Asker: 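Below: one structure in structure tokens.
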There are 2 protein chains.
Amino acid sequence: MSQPSPRLAAIVATARTILENHGREGLTMRALAARLGMQAPSLYKHVADKDELEALLIADALREMGTALRASLDGLGPRRPARRTAVAALAKGYRAWALAHPHPYRLATEGTLPRDRLPVGLEAWTAAPLVEVAGDEDRARAIWAFAHGMTILELDGRFPGGADLDAAWDRGVAAFA
Amino acid sequence: MSQPSPRLAAIVATARTILENHGREGLTMRALAARLGMQAPSLYKHVADKDELEALLIADALREMGTALRASLDGLGPRRPARRTAVAALAKGYRAWALAHPHPYRLATEGTLPRDRLPVGLEAWTAAPLVEVAGDEDRARAIWAFAHGMTILELDGRFPGGADLDAAWDRGVAAFA
DNA sequence: GTCTATAGTGGGATAGAC
DNA sequence: GTCTATCCCACTATAGAC
């Protein structure tokens, strides 16, 4: 594992800022270069292509999500919580991270995951807290589908204006407890 | 309500074919015109812009989804089924339609819904079977989120290769029964 | 490692003649 | 309602000089 050059780290950090502020479509090689005070072609000395840059951003997002999920469980204290308590905590942490970082969340969860370009084991590491709490993989997948569905539908403005999304989340958490 | 011209109907039908075969990105005004044996600018005599064309396709998809959901319930016979039975039937019909028409499903469920350009009441009509079966709107939203999450994650290849998705669906259906 | 220049691709949309 | 001609935009990526 070689350390990334500081220059590359700066590029990724700036790309993340643009992603947060302007979404995936706003993240162009030109915009990124301009913000770094360089020309777009120069970026290709640091990154093979745009897909590689996106993969780096996805990896960052997955690491942050995994950290957020673990922090949610840590907040419950040292004793092993009831499953419903744990699922509720994970759901809360999941939703909170996604709403705080909608564009990185989309990048990391929509479309095909570039598994070839991600660190080995990262995807599983991110999901591990949920798998552990759910008890088995089938339930974990169902809970994840519920959480992702609620999140992406909320981000896309799919629920009616007056919808009580807290209540819908509670229904799902209760169902899977 | 004026009837659409037969020409417009043909344009939408051809657009649907391209969408089914090549996805949203494959549906360009040029490709559509070529398939119709005309030039791209001519399309603008029938449609204001590409967004309007997409809205027509979304409306078609919503009508088909609503029809498919109703057919799923009709298949259960004249007697009022138990909720779990009804939810299972809706889930099966929902997933089947989406897998049979992945690109129209994506178009109709991903991103912002152009409500201004859709027939009034269509969105609610599509969702009505689920709302009725669920009993209340919070549960309906939770079930929809689960179904959409399962569907879109499956379409995006997000589950591991060996995942038993039938089992995950069953878990969700059972949870919401 | 940065630059300039530019290739190559693709897209949505309009003007005006017929 | 269709055509031709065309504009404008934006993007990724490469070549070669410095």
Side-chain angles (χ1 to χ4, degrees), chain A residues 2-59 103-104 106-107 110-114 116-118, chain B residues 2-59 103-104 106-107 110-114 116-118:
Chain A
S2 59
Q3 292 298 322
S5 73
R7 198 85 185 91
L8 177 57
I11 289 171
V12 174
T14 301
R16 170 64 178 261
T17 300
I18 295 174
L19 177 65
E20 295 266 11
N21 294 336
H22 304 286
R24 186 177 192 162
E25 69 171 17
L27 180 59
T28 68
M29 298 303 272
R30 291 172 191 213
L32 175 57
R35 182 129 185 176
L36 286 160
M38 55 173 21
Q39 299 299 317
S42 304
L43 291 169
Y44 291 87
K45 294 290 182 182
H46 303 273
V47 169
D49 52 29
K50 195 187 178 185
D51 284 348
E52 183 177 317
L53 178 66
E54 289 191 342
L56 291 169
L57 290 168
I58 291 170
H103 294 299
R106 287 179 188 278
L107 184 65
E110 288 188 316
T112 302
L113 192 67
D116 297 348
R117 311 185 92 151
L118 295 180
Chain B
S2 60
Q3 293 296 324
S5 73
R7 197 84 186 94
L8 177 57
I11 289 171
V12 174
T14 301
R16 169 64 179 260
T17 300
I18 295 174
L19 176 65
E20 295 264 10
N21 294 335
H22 304 286
R24 185 175 195 164
E25 69 170 17
L27 180 60
T28 68
M29 299 302 273
R30 290 170 202 253
L32 175 57
R35 183 129 185 176
L36 286 161
M38 58 181 357
Q39 298 300 317
S42 304
L43 291 170
Y44 292 87
K45 294 291 182 181
H46 303 274
V47 169
D49 52 27
K50 195 186 178 185
D51 284 349
E52 183 177 317
L53 179 66
E54 288 191 342
L56 291 168
L57 289 169
I58 291 171
H103 294 301
R106 287 179 187 278
L107 184 66
E110 289 188 314
T112 303
L113 193 67
D116 296 349
R117 312 186 90 151
L118 295 180

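Chain naming here is simple, since letters A, B, ... match the order of the sequence lines and numbering starts at 1 in each. Owing to the predicted nature of the structure, the values given are computational and were not obtained by experimental measurement.
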Asker: Would you please test A:R7 and A:H46 for side chain to side chain contact (heavy atoms under 4.5 Å, CB included) and show each step?
Answerer: CA-CA 8 Å; A:R7 198 85 185 91; A:H46 303 273; 3.4 Å; yes
Asker: Please examine the side chains of A:L57 and A:P104, heavy atoms only from C-beta on, and report whether any two atoms are closer than 4.5 Å.
Answerer: no
Asker: Nearest whole angstrom, please: distance from the C1' of D:dC11 to the CG of A:L53.
Answerer: 14 Å
Asker: Checking A:L27 against A:R24 for the side chain to side chain contact (heavy atoms under 4.5 Å, CB included) test, could you report, in this order, the C-alpha distance in whole Å, the side-chain angles of both residues, the deciding distance, and whether it holds?
Answerer: CA-CA 5 Å; A:L27 180 59; A:R24 186 177 192 162; 5.8 Å; no
Asker: Where along residues 35-52 of chain A does a heavy atom come under 4.0 Å from DNA chain D, residue by residue in number order?
Answerer: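 Going residue by residue through residues 35-52 of chain A, the ones with a heavy atom under 4.0 Å of DNA chain D turn out to be A:P41, A:Y44, A:D49, A:K50.
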Asker: With a 4.5 Å heavy-atom cut-off, do A:L43 and A:L36 have their side chains touching?
Answerer: yes
Asker: Enter the inter-axis angle for the ends of the helix from C:dG1-D:dC18 to C:dC18-D:dG1 (five pairs per end, rounded to 10°).
Answerer: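 What I find for the helix from C:dG1-D:dC18 to C:dC18-D:dG1 is an axis angle of 10°.
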Asker: Closest approach of B:L118 and B:L113, non-hydrogen atoms and distance?
Answerer: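 Closest approach of B:L118 to B:L113: CD1-CG, 3.8 Å.
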Asker: Using 4.0 Å as the upper bound for N to carboxylate O, is an ion pair formed by B:E54 and B:R117?
Answerer: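 Here B:R117 does not pair with B:E54 in a salt bridge, since their nearest N and O are not under 4.0 Å apart.
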Asker: What I'd like to find out is whether the side chain of A:R35 reaches to under 4.5 Å of the side chain of A:T17, using heavy atoms alone.
Answerer: yes
Asker: With a 4.5 Å limit on heavy-atom distance, are the side chains of A:D51 and A:P114 in contact?
Answerer: no
Asker: Heavy atoms only: give me the nearest B:V47-B:L53 pair and the separation to one decimal.
Answerer: CG1-N, 3.7 Å
Asker: Near DNA chain C, under 4.0 Å by heavy atom, which residues of residues 16-33 of chain B?
Answerer: B:T28, B:M29, B:R30
Asker: Might you point out which heavy atoms bring A:H103 and A:H22 nearest each other, and give the distance in Å?
Answerer: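 Where A:H103 meets A:H22 most closely, the heavy atoms are NE2-C, 4.5 Å.
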